[in-house]
Amino acid sequence: MSSNSGIQIPSRLPLLCTHDGVLLPGSTMRISVDTARNMQLVKSRLLKGTSLKSTIIGVIPNTRDPEHDSDELPSLHSIGTAGLAVQVVGSNWPKPHYTLLITGLCRFRMTKLLREKPFLVAEVEQLDKLEQYTEGDQADGELGELSQRFYQAAVQLVGMLDMSVPVVAKLRRLLDSLPKETLPDVLASMIRTSNKEKLQVLDAVDLEERFKKALPLLTRQIEGLKLLQKTRKLRPDDDKRVLAIRKGGVFPGRQFSLDEEGEDEDGDDTAVLEKKVKAAAMPEAALRVCLKELKRLKKMPESMPEYALTRNYLEMMVELPWSKSSKDCLDIRAARVLLDNDHYAMEKLKRRVLEYLAVRQLKSTLKGPILCFVGPPGVGKTSVGRSIARTLGREFHRIALGGVCDQSDIRGHRRTYVGSMPGRIINGLKTVGVNNPVFLLDEVDKLGKSLQGDPAAALLEVLDPEQNHSFTDHYLNVPFDLSQVLFIATANTTATIPPALLDRMEVLQVPGYTQEEKVEIAHRHLIPHQLEQHGLTPQQLQIPQDTTKDIISKYTREAGVRSLERKIGAICRAVAVKVAEGHKVSRAESPAEQHHGPPEGWRREEGSGITAPPEMPIVIDPIALKDILGPPVFEMEVSERLTLPGVAIGLAWTPMGGEIMFVEASRMEGEGQLTLTGQLGDVMKESAHLAISWLRSNAKTYLLTNGSADPLEGTDIHLHFPAGAVTKDGPSAGVTIVTCLASLLSGRLVRSDVAMTGEITLRGLVLPVGGIKDKVLAAHRASLKRVIIPKRNEKDLEEIPPHVRADLDFVFASTLDEVLNAAFDGGFPMAVSHPQVVSKL
């Protein structure tokens, strides 16, 4: 649009109604079209037209076009803008619509509406006659003064911007080349104004009035920029910002925008991101990668999908704690007190933590240890990891690995994939914000394997002290130092952990608790916690130690304390009901009734549905315990089951802790066959065959022949291991099978208070087995008195609490002769004693 060639628009124009914005002459605007009349205008006029005249349409602002052409047409704004349709883009999502790019040409006044359907057509009168302003500088009077003031204000506004930005420099040159009469429209479309203010500029047909309407808007923008610059001077550390200008458009094509909150955010964020990258104290290799990605980001259009991916990558890199660490609390005395307050027993674990603290006092650059707590469920492996973090004063992060079967959960995804993200290790470091937290890798023995890789193999690098100083996540693709992280893995068994992974960890066994330890844990931790959870106080509920022992022995049989806590919770809920009812009933129970039988608070009065309120505190005695928890779940049935020959008690280890195991045998007429039942594994079946072979070879020695050379002649033997639905395997039942068969063949009863464990050989030797502590604790829980274990397992008794060792009689056997003599009352008779051979060497 120039003053030398005046704009002449057609006298009849199709009208496009819009309410989203105001198109001013000299500016460019995108308009979305989805109503019936406007869609028809685009299809009939713009898409099918072939001449330049067909691309000129009238844009009526502040008018909402009805959804359907049958709806009543609203009143039209009298003044509009003739525009040139530069671009038309159609889309069917989320519904059919067109997007028009229109450049404003000049104002017009609608004189007569000629047609309403299929689209609006009106007779118009052109209002902008720019030919009369061929020499704008010669304008005098008030108009000349206004135009000069407006020009100076526009120059001042552009001068406040960063001239290094190409679009700002281009705008400065345009101010000198454009006629001053066009400046109100151009500047009003650029600066931050409302649609109502733009509409006032559009309606100002008189040029002098137009200057008066636009000059306050320009002055307000300048004052806002001055205030912004003054604020930045007060904060010199802030990054230098470039004011918001939409890139690209210059008059008469596309639109400028001096909106402080527009693109300035993106440009400024890039500068802030660059500052964060330099301040993140990254290693040189990571810094080099970040600066390279940042350089690519500056050259990349925001519309590219890779822009967001690169930006997310850089934000992840600057948020990682490359050099930020927390200070360790190295007070050993305070650490010991804190660990003792949090957990009862677990002496081995506490000693290992205190050793780490002591070494950290002597050497500050100690690498973080990699521990693995192995023990049955419910013994506190996870909670002790949290206590260790609190003791050290470090951040704690738990990573649940149970069921994970994708190595990307550990190493992350490569950035070439859509939706890629870092692995759990890097995400955990981002969450805690320091590079020396305590990481708990929970249930490491339950990792899976799938087509997506083996996560256990991916953990090899994480848990190797010689490699984790340069752990490379697939998403970051740069090394990260994990050597200061204290890794604690938990597992129920080491059998399912790959040997290579197990070799990288320091395994600490966490055995089950004894009954005395459970009583202490219940009264120190579980009961106070459950009282708090149920809104009760010690003045309302008391659980004596004898009651706690009954709960442990008769209602729970586990290595940990989870079931015990649930039973205590059930008691608290039952008491909470009585306490809540007692607030509404006036009559209370007498104290005498509470101590001479079951609490009356547990009974309803006959003839009424109202429960009598109990006397406080409610003391849970054995009768009340039975009312709440029902009849005992577990009974001590050891003595009852050993009333016939051919039954012996063995000791087994399970991930849940130690268990006693009965072995039963029976004989019947047959052909000397051996039948085994009870879901036995191959190793246990071989132990049974070993036992049979040893007894047959030594039948005469132990008087088991019954008149024939072979005790199995004309006899079938059936061995059964109860709990037939549970799979059993392992060599430790060998001595139990021999004792059971010896009892069957001799007709003598095995002592009912004896349990045994040990592997056997064909020569009658007893070999050591594992899990001695758990097995001995199981025997102690079952109230057995004598335990037969291999001689070479004598060293394992040091881990057993002293009071348990004092309650049990241990027999250390190196041969089956010693096992049989200890398992039967009065020993096991032998026909011929083996002469002792004296060495002559």
Side-chain angles (χ1 to χ4, degrees), residues 344-345 375-380 510-530 541-575 598-599 602 619-642 649-662 722-723 726 751-755 757 771 773-787 800-809:
Y344 183 76
V379 296
V510 187
Y513 298 115
T514 64
Q515 180 169 338
E516 289 73 15
E517 289 173 341
K518 288 184 180 180
V519 172
E520 286 294 328
I521 292 171
H523 285 270
R524 291 189 184 191
H525 302 288
L526 303 184
I527 294 177
H529 176 69
Q530 288 297 322
L541 171 63
Q542 290 183 4
I543 303 178
Q545 288 201 359
D546 291 340
T547 303
T548 307
K549 290 180 181 178
D550 286 343
I551 298 174
I552 295 170
S553 60
K554 297 181 180 179
Y555 294 92
T556 66
R557 185 166 291 178
E558 56 174 351
V561 292
R562 282 206 182 109
S563 294
L564 176 59
E565 186 172 15
R566 282 194 287 267
K567 298 301 181 184
I568 295 173
I571 294 173
C572 291
R573 290 193 298 273
V575 172
W602 304 112
V619 180
I620 305 299
D621 58 11
I623 300 177
L625 182 65
K626 186 175 180 180
D627 289 341
I628 297 172
L629 300 182
V633 180
F634 302 103
E635 295 288 348
M636 304 311 296
E637 55 179 356
V638 175
S639 58
E640 288 87 1
R641 295 191 67 164
L642 297 185
I649 303 173
L651 296 173
W653 181 91
T654 70
M656 305 293 182
E659 294 287 345
I660 63 171
M661 177 180 63
F662 291 91
V726 180
R751 288 180 52 169
S752 60
D753 60 349
V754 174
T757 183
K773 182 176 181 180
D774 288 323
K775 293 176 180 179
V776 170
L777 292 179
H780 186 261
R781 283 198 301 268
S783 300
L784 299 174
K785 299 302 180 184
R786 176 177 289 186
V787 178
I800 299 173
H803 68 274
V804 176
R805 293 203 302 265
D807 291 343
L808 295 174
D809 175 24

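No experiment lies behind these values; they were computed from the predicted model shown. Numbering starts at 1 and runs along the sequence shown.
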Return the [atom1] to [atom2] distance between [X] and [Y], rounded to the nearest 0.5 Å.
X	Y	atom1	atom2	answer
Lys626	Lys554	NZ	NZ	9.0 Å
Ile568	Ser563	CD1	OG	11.0 Å
Arg786	Leu808	CZ	CG	11.5 Å
Gln515	Glu520	CD	CD	12.0 Å
Lys567	Leu629	NZ	CG	6.0 Å
Cys572	Ile543	SG	CD1	5.5 Å

Do [X] and [Y] have side chains that get closer than 4.5 Å, going by heavy atoms?
X	Y	answer
Leu526	Glu565	yes
Thr514	His803	yes
Ile660	Leu651	yes
Leu625	Ile571	yes
Val619	Thr547	no
Ile521	Leu564	no

Exercise for the section: Determine yes or no for a side-chain-to-main-chain donor-acceptor pair under 3.5 angstrom, with Arg805 supplying the side chain and Ile800 the backbone. Expected result: yes

Practice task
Check for a donor-acceptor pair, side chain of Tyr555 on one end and backbone N or O of Gly630 on the other, with a separation under 3.5 Å.
Solution key: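 Present.
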
Practice task
Would you please say whether a donor-acceptor pair under 3.5 Å links the side chains of Thr548 and His523?
Solution key: yes

Contact summary for [X] and [Y], nearest pair of heavy atoms:
X	Y	answer
Gly771	Trp653	CA-CD1, 4.1 Å
Ala778	Glu659	CB-N, 3.5 Å
Gly512	Pro376	N-CG, 4.2 Å
Pro377	Arg562	CB-NH1, 3.6 Å
Gly560	Val379	CA-CG1, 3.8 Å
Pro801	Glu517	CG-OE2, 4.1 Å

Handout entry: side chain to side chain contact (heavy atoms under 4.5 Å, CB included) between Ile620 and Val575, intermediate numbers included
Key = CA-CA 9 Å; Ile620 305 299; Val575 172; 4.1 Å; yes

